[in-house]
Amino acid sequence: MSAETTAVKSDFIRTAVREDLASGRFTYVRTRFPPEPNGYLHIGHAKAMHIDFEIAREFGGTCNLRFDDTNPLKEEQEYVDAIIEDVRWLGYQWDGLFFASDYFEQLYEFAVKLIKKGKAYVCDLSPDELREYRGTLTTPGRESPWRNRSVEENLDLFARMRAGEFPEGSRTLRAKIDMASGNINLRDPVMYRIIRAPHHRTGTKWCIYPTYDFAHGQSDSIEGITHSLCSLEYEDHRPLYEWFLRELEIFAPRQIEFARLNLSYTVLSKRKLIQLVREGYVSGWDDPRMPTLRGLRRRGYTPSAIRDFCARIGVAKADSMVDIAMLEHSLRDELNRTAPRVMAVLRPLRVVLENYPEDKVEHLEAINNPEDPSAGTRLVPFSRVLYIEQDDFMENPPPKFYRLAPGREVRLRYGYFIRCVDVVKDAQGNIVELRCTYDPQTRGGNAPDGRKVKATIHWVSAAHAIPIEARLYDHLFTRPDPDNTEEGQTFLDYLNPRSLEVVTGFAEPCLADSPVGKHYQFERLGYFVVDPDSRPGHLVFNRSVTLKDAWARANQNG
RNA sequence: UGGGGCGUCGCCAAGUGGUAAGGCAGCGGACUUUGGAUCCGCCAUUCGUAGGUUCGAAUCCUGCCGCCCCAGCCA
């Protein structure tokens with residue numbers, strides 16, 4: 001059972017929502033997922049969406065998808081389209097699809113209202129002056145010399161700002177609050193700035209744009225959002241969020257902040273993700289090593305596995321770093337139940353069965369998924385020359401190595417017991433072939449005399465196998481916390497040089513017509529998914545996640 | 001030396017005055033034609049720390065320590 005359906009949800013947000021409903025502060029629940037269309041969604045957004053959409057659903061409410069598109073310098077339609085696609089892919093159904101830019105006219109009216117109340121003014125300070133006047137963390141700011149303009153003058157100036165009479169950056173509209181506040185967000189924050197750039201939705205209609213602070217809460221209010229759930233860095237903005245709503249005398253949603261996701265062995269900051277793409281450290285936003293939704297999808301992560309992960313990690317206010325092993329667990333948990341098993345050899349070692357007839361071919365029955373009887377069985381061709389995994393043979397095996405070795409007998413899965421009788425090497429001493437014998441009595445994998453073998457290994461018939469390319473991925477970074485850099489280093493110094501290894505192997509013929517996106521378990525190796533780079537006759541598989549491997553673990557720990 | 005937050009097992013995370021859930025990871029063992037899966041068991045006398053209140057404190061109070069966020073006309 002997945003955490004998604006069984007977890008008892010009693011986090012601080014749900015507790016607050018419950019209280020708000022009980023107290024009558026709200027009579028319904030409405031949330032919103034508010035991405036800025038300036039980049040691709042990643043696993044951190046999945047956490048946010050899980051919180052926004054699931055809480056709404058649990059309380060019989062709805063969740064809107066609203067783009068926070070108040071900065072035309074950074075936002076693009078391309079991202080809007082990609083985000084919509086990714087939200088859908090993750091499996092979330094929004095109620096309304098909105099844009100902050102839908103509210104520009106209304107927001108302008110709100111600003112006018114504040115000016116009329118004497119709560120906002122047009123300021124002529126330059127960006128540098130504004131910073132200087134703001135003061136510092138420990139010293140109060142100074143009031144702008146333009147702070148006490150008359151309402152009439154402010155109204156006139158603001159209208160002319162909108163009309164495009166002033167150059168970019170020359171003036172701002174500011175809220176008149178408190179330049180001495182310990183909370184810097186309250187030191188007369190900018191509400192509107194002049195930006196002479198076309199907006200992806202409103203075109204050139206506007207040359208003044210509201211800031212996040214002046215747009216977000218009012219957008220929430222307009223949509224009747226009850227709970228505006230966001231990340232911790234907005235905690236300092238809550239007093240401002242509430243100030244605007246109060247001064248505007250409009251419906252006031254409740255903002256609640258939670259800790260954003262940090263995942264070990266990866267980075268989630270937009271800036272760093274962009275750098276990885278732009279500077280070519282990965283192949284693109286959908287590189288299977290990227291924590292983007294598109295990267296995860298291509299890697300073989302399913303929407304339900306990602307949602308299960310989000311349910312498992314919970315939500316709280318403490319900064320934390322979730323072990324990526326949890327994400328991997330959610331994937332394995334699902335794929336173990338659903339992925340058909342198949343045999344593929346990634347690092348082939350040729351095996352010749354000396355006593356197996358030259359031209360004989362048998363078709364052996366194999367179970368498609370032991371976790372799901374309804375998946376049925378298939379026939380796998382077997383013949384004299386096979387490939388097995390190089391790792392499954394050792395000439396001088398250590399005590400705990402159960403697999404094939406000179407003179408030793410193992411079982412070929414769904415096949416026969418075979419015994420290694422000779423090792424063939426090339427001039428350099430590399431093992432190039434194994435000569436083995438098989439026991440005809442053990443067809444299917446059981447010995448009539450009841451003798452046991454210590455290991456079962458996978459194989460493919462050389463004459464029937466199809467070649468495949470397999471891309472073996474590992475963590476993108478070598479350190480659990482690549483953001484935490486040492487003196488003189490950057491996160492790039494911790495990139496894992498072995499995060500991708502490409503090998504060419506062989507798989508049983510039933511894989512031949514696998515569609516892109518099809519998941520398999522390559523027995524004893526891991527879960528793999530068909531990559532879009534696949535072409536007829538050239539299948540490419542991405543390793544989504546390995547199987548847990550007690551042997552590898554024991555070896556690692558010495 | 002300003003303001004806002006946070007500190008419960010290696011990693012997440014419940015708990016909101018009545019005597020420390022659960023998950024991940026790990027470690028044993030059973031079973032096994034995947035060294036997978038599954039099953040069983042182990043894994044915080046203790047909740048950053050020092051005091052205080054109380055019959056009783058992770059939960060209340062006080063002090064201290066540590067970590068995170070804020071000085072964009074970004075979101």
Side-chain angles (χ1 to χ4, degrees), chain A residues 3 6-8 10-11 15 34-36 38 68-71 73-75 123 125-127 130-131 134-141 168-174 180-187 189-195 208-209 211-213 215-216 230-239 257 259 264 270 311-330 332-333 336-337 341 343 366-367 370-371 400-403 411-415 444-446 453-458 480 521-526 546-554 557:
Chain A
T6 60
V8 174
S10 60
D11 54 80
T15 300
E36 182 189 11
N38 70 341
D68 236 323
D69 57 348
T70 56
N71 186 349
L73 262 17
K74 299 191 169 185
E75 297 142 9
C123 179
L125 253 25
S126 71
L130 190 65
R131 188 182 324 120
R134 185 156 35 227
T136 70
L137 293 178
T138 52
T139 63
E168 182 159 321
S170 62
R171 287 182 223 258
T172 57
L173 180 72
R174 295 221 267 162
S181 174
N183 182 344
I184 290 178
N185 295 301
L186 263 21
R187 319 239 265 228
V190 171
M191 295 163 57
Y192 269 91
R193 65 295 209 195
I194 299 170
I195 300 177
I208 57 171
Y209 293 90
T211 57
Y212 163 86
D213 285 311
H216 204 94
C230 61
S231 46
L232 253 26
E233 62 264 35
Y234 293 102
E235 227 157 3
D236 286 342
H237 294 248
R238 186 165 10 108
E257 313 84 10
S264 64
K270 234 172 231 184
R312 284 174 188 273
I313 59 175
V315 52
K317 296 196 70 161
D319 288 309
S320 61
M321 157 112 33
V322 175
D323 191 337
I324 196 165
M326 275 227 226
L327 216 209
E328 296 172 340
H329 168 82
S330 290
R332 284 196 193 98
D333 192 45
N336 173 52
R337 283 179 271 115
R341 272 59 168 175
M343 291 193 285
I367 294 167
E371 306 293 321
K400 288 295 190 53
F401 184 84
Y402 304 150
R403 287 107 97 151
R411 169 167 42 230
L412 292 180
R413 176 141 240 226
Y414 301 123
N446 287 305
V453 288
K454 296 273 281 190
T456 298
I457 65 174
H458 58 97
Q521 182 198 99
F522 286 180
E523 293 218 29
R524 303 209 306 133
L525 297 175
T546 61
L547 248 30
K548 285 175 78 176
D549 186 343
W551 165 245
R553 204 187 310 135
N557 303 336

Colleague: Watson-Crick or G-U wobble partner for B:G17, using a 3.5 Å limit on both distances?
Modeller: none

Colleague: Can you tell which of B:A14, B:G36, B:G2 lies closest to the side chain of A:Thr138?
Modeller: B:G2

Colleague: Output the single nucleotide from B:G5, B:A75, B:U34 whose closest atom is nearest the side chain of A:Arg413.
Modeller: B:U34

Colleague: Would you indicate which nucleotide in B:C74, B:C70, B:C12 comes nearest to any side-chain atom of A:Met326?
Modeller: B:C12

Colleague: Tell me what A:Phe401 touches on the nucleic acid: a base, only sugar-phosphate, or nothing, going by heavy atoms under 4.0 Å.
Modeller: base

Colleague: Rounded to whole angstroms, how far apart are CD1 on A:Ile184 and P on B:A71?
Modeller: 7 Å

Colleague: Can you tell me if A:Asp213 uses its side chain to pair, donor with acceptor, with the backbone of A:Val190 under 3.5 Å?
Modeller: no

Colleague: Across the strands shown, which category fits A:Glu235 at heavy-atom distances under 4.0 angstrom: base, sugar-phosphate, nothing?
Modeller: sugar-phosphate

Colleague: Between the side chain of A:Thr172 and the main-chain N/O of A:Arg174, is any donor-acceptor distance below 3.5 Å?
Modeller: no

Colleague: Once you round it to whole Å, what is the distance between P of B:G23 and CG of A:Leu327?
Modeller: 19 Å

Colleague: Select base, sugar-phosphate, or nothing to describe what A:Leu125 touches, counting heavy atoms under 4.0 Å on all strands.
Modeller: base

Colleague: Without decimals, in angstroms, what is the distance between A:Asn38 CG and B:C74 P?
Modeller: 13 Å

Colleague: Check whether any side-chain nitrogen or oxygen of A:Ser126 sits under 4.0 Å from OP1 or OP2 of B:C73, and answer yes or no.
Modeller: no

Colleague: Tell me whether A:Lys74 is salt-bridged to A:Glu36, with the criterion being a basic N under 4.0 Å from an acidic carboxylate O.
Modeller: no

Colleague: A:Arg131 near the nucleic acid: base, sugar-phosphate alone, or nothing, with a heavy-atom cut-off under 4.0 Å?
Modeller: sugar-phosphate

Colleague: Please state whether the phosphate of B:C69, meaning OP1 or OP2, lies under 4.0 angstrom from any side-chain nitrogen or oxygen of A:Arg238.
Modeller: no

Colleague: With a 4.5 Å heavy-atom cut-off, do A:Asn71 and A:Asn38 have their side chains touching?
Modeller: no

Colleague: State the pairing partner of B:U34; accept Watson-Crick or G-U wobble contacts with both distances under 3.5 Å, and report none otherwise.
Modeller: none

Colleague: If each of A:Lys317 and A:Asn183 is mapped to the nucleotide of RNA chain B with the nearest heavy atom, which maps nearer the 5' terminus, i.e. the 5' end?
Modeller: A:Asn183

Colleague: Which nucleotide, B:U34, B:C24, B:G35, lies nearest any side-chain atom of A:His329?
Modeller: B:C24

Colleague: Rounding to an integer number of angstrom, what distance separates B:G2 and B:U19 when you compare their P atoms?
Modeller: 41 Å

Colleague: Ignoring backbone atoms, test whether A:Thr456 places a side-chain nitrogen or oxygen under 4.0 Å from the OP1 or OP2 oxygen of B:G35.
Modeller: no

Colleague: Rounded to whole angstrom, note down the C1' distance from B:U59 over to B:G52.
Modeller: 15 Å

Colleague: At under 4.0 Å between heavy atoms, what does A:His237 touch on the DNA or RNA strands: base, sugar-phosphate, or nothing?
Modeller: base

Colleague: Using a 4.0 Å heavy-atom cut-off across all strands, classify A:Asn446 as base, sugar-phosphate, or nothing.
Modeller: base

Colleague: Can you tell if the side chain of A:Ile367 reaches within under 4.5 Å of the side chain of A:Tyr414, non-hydrogen atoms only?
Modeller: yes

Colleague: Using a heavy-atom cut-off of under 4.0 Å over every strand shown, decide if A:Glu328 touches base, sugar-phosphate, or nothing.
Modeller: nothing

Colleague: For the base of B:G36, is there a side-chain donor-acceptor partner from A:Glu371 under 3.5 Å away?
Modeller: yes

Colleague: Just how far, in rounded Å, is P of B:C12 from CE of A:Met321?
Modeller: 8 Å

Colleague: With rounding to whole Å, what would you report as the distance between B:A75 and B:C70 at their P atoms?
Modeller: 15 Å

Colleague: Hunt down the Watson-Crick or G-U wobble partner of B:C60, both distances under 3.5 Å, from any strand shown, or write none.
Modeller: B:G52

Colleague: Kindly label the base of B:G18 as syn or anti, based on whether its glycosidic torsion lies within 90° of 0.
Modeller: anti

Colleague: Looking only at side-chain atoms of A:Pro127, point me to the closest of B:C24, B:A71, B:C73.
Modeller: B:C73

Colleague: Tell me which nucleotide among B:C73, B:G2, B:G26 gets nearest to the side chain of A:Arg553.
Modeller: B:G26

Colleague: For the residue pair A:Glu168 and A:Ile195, establish whether any side-chain heavy-atom pair is separated by less than 4.5 Å.
Modeller: yes

Colleague: Counting only Watson-Crick pairs (N1-N3 plus N6-O4 or O6-N4) and G-U wobbles (N1-O2, O6-N3), all under 3.5 Å, who is the partner of B:G66?
Modeller: B:C6

Colleague: What's the separation between atom CG in A:Asn185 and atom OH in A:Tyr234, rounded to the nearest 0.5 Å?
Modeller: 11.0 Å

Colleague: Counting the atoms with a prime plus P, OP1 and OP2 as sugar-phosphate, which does A:Val315 contact under 4.0 Å by heavy atoms, base, sugar-phosphate, or nothing?
Modeller: sugar-phosphate

Colleague: Quickly work out the A:Ile324 CD1 to B:C12 C1' distance and round it to whole Å.
Modeller: 14 Å

Colleague: Between A:Thr139 and A:Tyr414, just flag the one whose closest nucleotide in RNA chain B comes earlier from the 5' side.
Modeller: A:Thr139

Colleague: Measure the NE2-CD1 distance between A:His237 and A:Ile184 for me, rounded to the nearest 0.5 Å.
Modeller: 10.5 Å

Colleague: Take the protein atom CG of A:Asp236 and the nucleotide atom P of B:C6, then report the distance between them rounded to whole Å.
Modeller: 12 Å

Colleague: What integer distance in Å separates A:Asp323:CG from B:C24:P?
Modeller: 12 Å

Colleague: State which of B:U34, B:A37, B:A14 makes the closest approach to the side chain of A:Leu547.
Modeller: B:U34

Colleague: Taking 4.0 Å as the cut-off, does a side-chain nitrogen or oxygen of A:Arg337 come that near to OP1 or OP2 on B:A37?
Modeller: no

Colleague: With rounding to whole Å, what would you report as the distance between B:C60 and B:G5 at their P atoms?
Modeller: 16 Å

Colleague: So for A:Asp549 and B:G35, does any side-chain atom that can act as donor or acceptor lie under 3.5 Å from a complementary atom in the base?
Modeller: no

Colleague: Would you measure the distance from the P atom in B:C42 across to the matching atom in B:A21 and give it in whole Å?
Modeller: 13 Å

Colleague: Rounded at 0.5 Å granularity, tell me how far CZ in A:Arg171 sits from CD1 in A:Ile208.
Modeller: 12.5 Å

Colleague: Measuring from the side chain of A:Asn336 (C-beta onward, heavy atoms only), which nucleotide among B:C74, B:A37, B:A75 has the closest atom?
Modeller: B:A37

Colleague: Measuring only the P atom in each nucleotide, how far is B:G15 from B:G56? A whole number of Å is fine.
Modeller: 26 Å

Colleague: Whole angstroms only, please: what is the CG-C1' distance between A:Asn71 and B:A75?
Modeller: 8 Å

Colleague: Pick the P atom in B:G7 and in B:A13, then give their distance to the nearest Å.
Modeller: 9 Å

Colleague: Are any non-hydrogen side-chain atoms of A:Ile457 and A:Arg524 less than 4.5 angstrom apart?
Modeller: yes

Colleague: Indicate whether OP1 or OP2 belonging to B:G35 is found under 4.0 Å from a side-chain N or O atom of A:Arg403.
Modeller: no

Colleague: Can you tell me which nucleotide in B:G35, B:A13, B:C69 comes closest to the side chain of A:Ser320?
Modeller: B:A13

Colleague: Could you check which of B:A75, B:G36, B:C12 has an atom nearest any side-chain atom of A:Tyr212?
Modeller: B:A75

Colleague: Considering only atom P, compute the distance from B:G18 to B:A57 and round it to an integer number of Å.
Modeller: 12 Å

Colleague: Kindly say if A:Arg411 contacts the phosphate of B:U34, meaning a side-chain N or O under 4.0 Å from OP1 or OP2.
Modeller: no

Colleague: Return the pairing partner of B:C39 with a 3.5 Å limit on both distances, Watson-Crick or G-U wobble; otherwise return none.
Modeller: B:G29

Colleague: Between A:Arg134 and B:G72, is there a side-chain N or O to OP1/OP2 distance below 4.0 Å?
Modeller: yes

Colleague: Reckon A:Thr211 has a side-chain N or O less than 4.0 Å from the OP1 or OP2 of B:A75?
Modeller: no

